[in-house]
Amino acid sequence: MIDQIISEDLERIRSSLKGDLFAGKNVLVTGGAGFLGSWLCDVLLGLGAEVTAVDDLSTGRIKNVDHLTENPKFRLIKSDVCTFKRRDKFDFILHMAGHASPEEYQVHPIETLQTSASGSANMAEIARKSDATLLFASTSEVYGDAEVVPTPETYWGKVNPIGPRSCYDEGKRFAEALLMAYYKQYGLDVKIPRIFNSYGPRLREDGLYGRAMSRFIMQALKNEPITVYGDGKQTRSFCYVTDTVTGLMLLTTNQEARGEVVNVGNSQEVTILELAKRIKQITGCESPVTFHPLPKDDPKRRCPDTSKLEKLAGWKPQVKFEDGLKRTIRWFQTLNPATD
Ligand code: UDP
């Protein structure tokens, strides 16, 4: 479904991208039915690209790309990224597939590792054979429970290699190392954004897939208790989807970003309790805030230093937290749970 909020947001992204670098290009988007992947498909088609989306629909949702299925320049292939094969040549591969929700990936630790490891190895080979640019969606989780905040790309991370989050963190760290090896050994044009918490329309809210942001909004809209883990003093820095997607698109075509890891996120840090309170305030709900045990190895603070992306691409987040939050809440208000 393309609604007004998403249409306006797509227009905002398009207006911040100059040139026609994607017109007529063949682009593969893995995780194309997911949150960020589906936004990228929309933007790329709007810029005149031919888009192949690959998704096994394990965490992505058909409804995110339903509106594209009639578009002759779009095709959705239901496949695992680890085994996906295609003879076509691609100009760009945006490798977004992965399990991003901590509660969900901890139930599927092997698949989560495989998607990052074998999935990225497969994409690296497809990119090498196509001589394509490969953008890999890495994550702030490579920094683990960071001791340097705001965290620059030069920080190596503090990750528990056998902890409950390691399937995600170490999988992404392996993929970064693998793709850097392709860059060094074959000169593959690799770009590695480390994406910090992003939010907006299409962020999954249901069950184990729900993230703090989307879950809290739905809890508030249903007047149910808002479930804060720990004392809620842990922080995250939330980046509105239009800013994240613009950052990813700018990096994809940036020549200076070859073989670089680059933080993509918003450096406005908020506590999880503050997030709950703001959502309560904006929605005017009567939900109580309830406190629950903090999951093991939950990072205490997360905030990016984004100066590298600012210098490389002249990028700065445009959407203030308050505005992004209001837009996201408005979008969730229009959701019809029956269409899941
Ligand atoms: N969180 C919470 N209640 C929930 C879900 C998550 O308090 O119902 C907390 C979680 O423990 C973490 C933060 O909110 O400290 C952000 O969680 P998110 O689901 O966005 O994933 P993360 O940023 O940890 O990858």
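Counting convention: from 1, in listed order, for ligands and their atoms alike. Heads up: numbering here begins at 1 and tracks the sequence. Remember, predicted model here, so these are calculated numbers, not experimental data.
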inquiry  = Glu205 vs Leu203, test: side chain to side chain contact (heavy atoms under 4.5 Å, CB included). Steps then yes/no.
reply    = CA-CA 6 Å; Glu205 75 299 340; Leu203 182 65; over 6 Å; no
key: atom 17 (O) of ligand 1 - nearest protein heavy atom and its distance   = Ala212 CB, 3.7 Å
query = So does Arg194 pair up with Glu176, basic N to acidic O under 4.0 Å?
reply = yes
request  = Classify the angle between the aromatic ring planes of Phe136 and His95 as parallel (below 30°), tilted (30 to 60°) or perpendicular (above 60°).
outcome  = tilted
Distance filter under 4.0 Å to Gln234 heavy atoms, resulting ligand 1 atoms = 9 (C), 11 (O), 15 (O)
note = Output for pair (Arg211 CZ, Asn197 CG), nearest 0.5 Å, gives 5.5 Å
key: Ile272 N/O to ligand 1 N/O under 3.5 Å   = no
note = So the atoms of ligand 1 within less than 4.0 Å of a heavy atom of Phe216 turn out to be 2 (C), 3 (N), 4 (C), 7 (O), 8 (O)
message = Tell me whether Arg202 is salt-bridged to Asp9, with the criterion being a basic N under 4.0 Å from an acidic carboxylate O.
response = no
ask   = When you look for heavy atoms under 4.0 Å from ligand 1, do you find them on the side chain of Arg236, its backbone, both, or neither?
value = side chain
query = Hey, is Glu141 one of the residues with a heavy atom under 4.0 angstrom from ligand 1?
reply = yes
Taking atom 3 (N) of ligand 1 as the reference point, the nearest protein heavy atom with its distance = Thr227 O, 2.6 Å
task = Please identify which atoms of ligand 1 are closer than 4.0 Å to at least one heavy atom of Val228.
result = 7 (O)
message = Using a 3.5 Å distance criterion without hydrogens, assess whether the side chain of Ser16 forms a donor-acceptor pair with backbone atoms of Ile13.
response = yes
note = Honestly, for Asp298 the part within reach of ligand 1 (heavy atoms, under 4.0 Å) is side chain
query = Between Glu103, Arg301, His292, Arg211, which one has a non-hydrogen atom sitting closest to atom 18 (P) of ligand 1?
reply = Arg211
request  = Look at Glu50 together with Arg75 and state whether they make a salt bridge at an N to O cut-off of under 4.0 Å.
outcome  = no
query = Nearest to atom 7 (O) of ligand 1, what protein heavy atom do you find, and at what distance?
reply = Tyr229 N, 2.7 Å
ask   = With a 4.0 Å cut-off on heavy atoms, does Arg302 reach ligand 1?
value = yes
query = What class does the angle between the rings of Tyr199 and Phe238 fall in, given that below 30° is parallel, 30 to 60° is tilted and above 60° is perpendicular?
reply = perpendicular
key: Whether His292 and Tyr229 hold their rings parallel, tilted or perpendicular, with breakpoints at 30° and 60°   = perpendicular
query = Which residue owns the protein heavy atom closest to atom 8 (O) of ligand 1, what's the atom, and how far is it?
reply = Arg215 NH1, 2.9 Å
key: Residue part near ligand 1, for Pro102, under 4.0 Å between non-hydrogen atoms   = side chain
message = Just to be sure I read this right, does ligand 1 sit under 4.0 Å from the backbone of Arg165, its side chain, both, or neither, counting only heavy atoms?
response = side chain
request  = Flag the pair Lys308 and Glu260 as a salt bridge only when some basic side-chain nitrogen lies within less than 4.0 angstrom of an acidic carboxylate oxygen.
outcome  = yes
